Amino acid sequence: MSKAQLIEMARHGIEHGKAGTIDQTADVLKVPANNYYDESRWRQEVNKVFRHLPLMLAMTAELKSVRDYKAMTAGNVPVLITRTEQGIKAYLNMCSHRGAQIMEDGRGNSERFTCPYHAWSYNQDGELYGILSNKDFGDIDKSCYGLISLPCLEKAGLIWVITDPKSTVDINAFLSGYDALLALFGFENWYYFDSRKIAGPNWKIAYDGYLDLYHLPILHKDTFGSDYPNKALYYPFGPHQRVSGPDHTLAKYEGKDEDEWPTDVLMNGVWTIFPHVSIASFDNGGRGVLISQLFPGEHPGESYTIQNYMLENEPDEERARAATEQFEFLKYVVQEEDYATGLKQQRNLETGVKDHVLFGRNEGGGHNFHRWVDTILETDCADLNKLFETG
């Protein structure tokens, strides 16, 4: 069924490509300019969007073996993800003794997690395993002082975590069936190549760009080229969106059986995972994807992005060299073109002289994204699951 959905989207794109048209929204959208810098709203977004909702924090390829772990800061929350004999588990990366961070941000393989402050240690299941000088410390019930578990789910070669342990959002419902399409990448068998961190503007300014093909032949004329198409089609799945352009070249597959439509071609475009992930495909002697994880920074006008580069197959020396060059190129495009422009946009909006910004009828992705952010902020945490049940 999932491939049939891809083919249906492809046929939709073929028709628009032949006609030179796109889908359009009913009207132009006005978004208040202070949505990008108002501190009160930003704090609501951090709490409701980035704490209560699932975040895609890791790829299966980063945690292939039992006892592999990844420690990272998601927004301002320290998270520890590990692969146990029973599967993926996630915890607050915080010692139950005094709250110190247990594992430094990064990846590794370890049977025990030992706090660098007083050497309290925990096993893979988050249980308190050892207390330094236990006799001197005093008696406590170890079962009450394990690591704080976080809701998590591994699907489609990706790992989602909710950083608020009290959140009741159903991760499966939140995915809105989108994971069945993402599964067609086959990420569980891909090769994790490299990652890095870059700074950017308000998280919504940054995310607006991931949903936007309108700017490609203008802002990226010297990198991607001025003949790059600026038209986009948007396919929503709950709050998530696949972005692709009209493409009449796929018409050569019309009339053929579904198994003759190449899945890798059908998966082209940008796959965004609300509220903070973009997956973009590239080919430089082999298939690769840039998976960007966006997080709010310390202040409303700041964000940071973890760029991850994955390859369909483990590279030989020549392919690794080409992948390094591609990854550096993509860093330049995002940092020196997208985010440099976004930071100037951020500065301009913070003057307070502009009342609103516009999203045209051709920018339906922005309409969908901002509507979802607004709706989530307006919804009680206890009622968030209802949003995803209805899509």
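Treat the numbers as computed from the prediction; the structure is a model and nothing was measured.
The shortest side-chain heavy-atom distance between Ile22 and Pro246 falls under the 4.5 Å cut-off. With a 4.5 Å cut-off on side-chain heavy atoms, Tyr117 and Cys95 do not count as touching. Contact of the Ile279 side chain with the Leu290 side chain is not registered, since no non-hydrogen atoms from C-beta on lie closer than 4.5 Å. Using a 4.5 Å heavy-atom threshold, the side chains of Arg242 and Thr272 count as separate. Proximity of Lys30 to Leu358: side-chain heavy atoms (C-beta onward) are separated by under 4.5 Å at one or more points. Looking at Val79 and Thr163, their side chains come closer than 4.5 Å, going by heavy atoms from C-beta outward. The side-chain heavy atoms of His367 and Asp27, taken from C-beta on, include no pair separated by under 4.5 Å. When side chains are defined from C-beta on, Tyr178 counts as touching Trp271, because their heavy atoms get closer than 4.5 Å.
In this structure, Glu350 contributes its side chain and Arg347 its backbone to no donor-acceptor pair below 3.5 Å. Using a distance-only test at 3.5 Å, with no hydrogens or angles considered, no donor-acceptor pair links the side chain of Asp257 to the main chain of Glu260. The closest donor-acceptor contact from the side chain of Asp212 to the backbone of Asp208 lies at 3.5 Å or more, if one exists at all. Side chain of Asp380 to backbone of Asp383: no donor-acceptor contact under 3.5 angstrom is found. Without hydrogens or angle criteria, Ser281 side chain to Val289 main chain gives no donor-acceptor distance under 3.5 Å. Of the possible polar contacts, one joining the His276 side chain to the Met56 backbone as a donor-acceptor pair under 3.5 Å is found.
Side-chain polar atoms of Tyr122 and Thr114 form no donor-acceptor pair below 3.5 angstrom. No hydrogens or angles considered: a donor-acceptor pair under 3.5 Å links the side chains of Asn308 and Gln293. A donor-acceptor contact closer than 3.5 angstrom links the side chains of Gln241 and Asn368. Between the side chains of Arg361 and Thr25, no donor-acceptor pair of N or O atoms lies under 3.5 Å. Inspection of the Asp247 and His16 side chains reveals no N or O donor paired with an N or O acceptor under 3.5 Å. In summary, the side chains of Asp338 and His220 do present a donor paired with an acceptor at a separation below 3.5 Å, with no hydrogens or angles considered. No hydrogens or angles considered: a donor-acceptor pair under 3.5 Å links the side chains of Gln124 and Thr82. Thr168 and Asn385 form no side-chain donor-acceptor contact under 3.5 Å, judged by distance and modelled atom types alone.
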| task | Kindly determine whether Asp125 and Thr84 satisfy side chain to side chain donor-acceptor pair (under 3.5 Å), including the steps that lead there. | result | CA-CA 7 Å; Asp125 293 318; Thr84 73; 4.6 Å; no
| request: Would you check, one step at a time, whether the test salt bridge (charged side-chain N to carboxylate O under 4.0 Å, His left out) holds for Lys18 with Glu254? | output: CA-CA 13 Å; Lys18 290 177 179 177; Glu254 288 186 303; 3.4 Å; yes
| request: Might you work through the salt bridge (charged side-chain N to carboxylate O under 4.0 Å, His left out) test for Glu325 and Arg321, ending with a clear yes or no? | output: CA-CA 6 Å; Glu325 292 175 359; Arg321 191 162 46 246; 5.6 Å; no
| query | Do Asn362 and Lys231 pass the side-chain contact (heavy atoms from CB on, under 4.5 Å) test, and can you show the C-alpha distance, the side-chain angles, and the key distance before you say yes or no? | reply | CA-CA 8 Å; Asn362 60 330; Lys231 297 181 182 297; over 6 Å; no
| request: Step by step, work out the salt bridge (charged side-chain N to carboxylate O under 4.0 Å, His left out) result for Arg371 and Asp374. | output: CA-CA 5 Å; Arg371 183 175 64 249; Asp374 289 345; over 6 Å; no
| message | Walk me through whether Trp120 and Phe137 qualify under ring pair (Phe, Tyr, Trp, His ring centres under 6.0 Å). | response | CA-CA 11 Å; Trp120 283 33; Phe137 185 84; 5.2 Å; yes
| request: I would like to know whether Arg67 and Glu111 meet salt bridge (charged side-chain N to carboxylate O under 4.0 Å, His left out); could you show each step before the answer? | output: CA-CA 6 Å; Arg67 294 184 294 280; Glu111 188 171 350; 5.0 Å; no
| query | Yes or no on ring pair (Phe, Tyr, Trp, His ring centres under 6.0 Å) for Phe274 and Tyr207, after CA distance, side-chain angles and deciding distance? | reply | CA-CA 10 Å; Phe274 189 89; Tyr207 207 66; 7.1 Å; no
| What do the steps show when you test Phe174 against His240 for ring pair (Phe, Tyr, Trp, His ring centres under 6.0 Å), and what is the final call? | CA-CA 9 Å; Phe174 169 79; His240 320 293; 4.9 Å; yes
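Figure legend: cation-pi geometry between Arg196 and Phe327, with NZ or CZ positioned under 6.0 Å from the six-membered ring centre and within 45° of its axis. Judged by a 6.0 Å distance limit and a 45° cone about the ring axis, Lys204 is positioned over the six-membered ring of Tyr36. Note that Arg112 lies in the cation-pi zone of Tyr129, set by a 6.0 Å cut-off to the ring centre and a 45° limit from the axis.
Under the 4.5 Å side-chain heavy-atom criterion for ILVMFWY residues, a single connected hydrophobic cluster contains both Leu377 and Phe369. Tyr304 and Val334 fall within the same hydrophobic cluster, defined by Ile, Leu, Val, Met, Phe, Trp and Tyr side-chain heavy atoms under 4.5 Å apart, directly or through other members. A continuous path of ILVMFWY side-chain contacts below 4.5 Å connects Phe187 to Ile88, so both sit in one hydrophobic cluster. Under the 4.5 Å side-chain heavy-atom criterion for grouping Ile, Leu, Val, Met, Phe, Trp and Tyr, Val357 is not connected to Leu211 through any hydrophobic cluster. Both Leu233 and Val265 are part of a single hydrophobic cluster, where members link through side-chain heavy atoms under 4.5 Å apart.
Counting non-hydrogen atoms of other residues, nucleotides and ligands closer than 6.0 Å to CD of Glu298 gives a total of 12 or fewer. Within 6.0 Å of the CZ atom in Phe282, the count of heavy atoms belonging to other residues, nucleotides or ligands exceeds 12.
For Asp139, the side-chain hydrogen bond (donor to acceptor under 3.5 Å, both in side chains) criterion is met by no residue, not counting sequence neighbours. Judged as a side-chain hydrogen bond (donor to acceptor under 3.5 Å, both in side chains), and not counting sequence neighbours, Tyr234 has no contacts.
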Distance-only donor-acceptor pairs under 3.5 Å for side chains of residues 145-156, two or more places apart:
unit_1: Glu154; atom_1: OE1; unit_2: Arg83; atom_2: NH1; d: 3.2
unit_1: Glu154; atom_1: OE2; unit_2: Thr60; atom_2: OG1; d: 2.6
unit_1: Glu154; atom_1: OE2; unit_2: Arg83; atom_2: NH2; d: 2.7
unit_1: Lys155; atom_1: NZ; unit_2: Asn172; atom_2: OD1; d: 3.0
unit_1: Lys155; atom_1: NZ; unit_2: Asp179; atom_2: OD2; d: 3.0

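Under the 30°/60° scheme for interplanar angles, the aromatic rings of Trp261 and Tyr253 are found to be tilted.
For Ala71 against Leu80, the heavy-atom pair with the smallest separation is CB-CD1, 4.1 Å. Looking at every heavy atom in both residues, Val49 comes nearest to Pro275 through CG1-CB, 3.4 Å. Of all non-hydrogen atoms in Leu266 and Ala10, the two that sit nearest each other are CD2-CB, 3.7 Å. The heavy-atom pair separating Gly366 from Phe359 by the smallest distance is CA-CD2, 3.8 Å. The nearest pair of heavy atoms linking Phe50 to Phe295 is CE2-CA, 4.3 Å. The two residues His248 and Gly17 make their nearest non-hydrogen contact at CB-C, 3.8 Å.
Separating the CG atom in Leu181 from the CG atom in Leu175 is a distance of 11.5 Å, to the nearest 0.5 Å.
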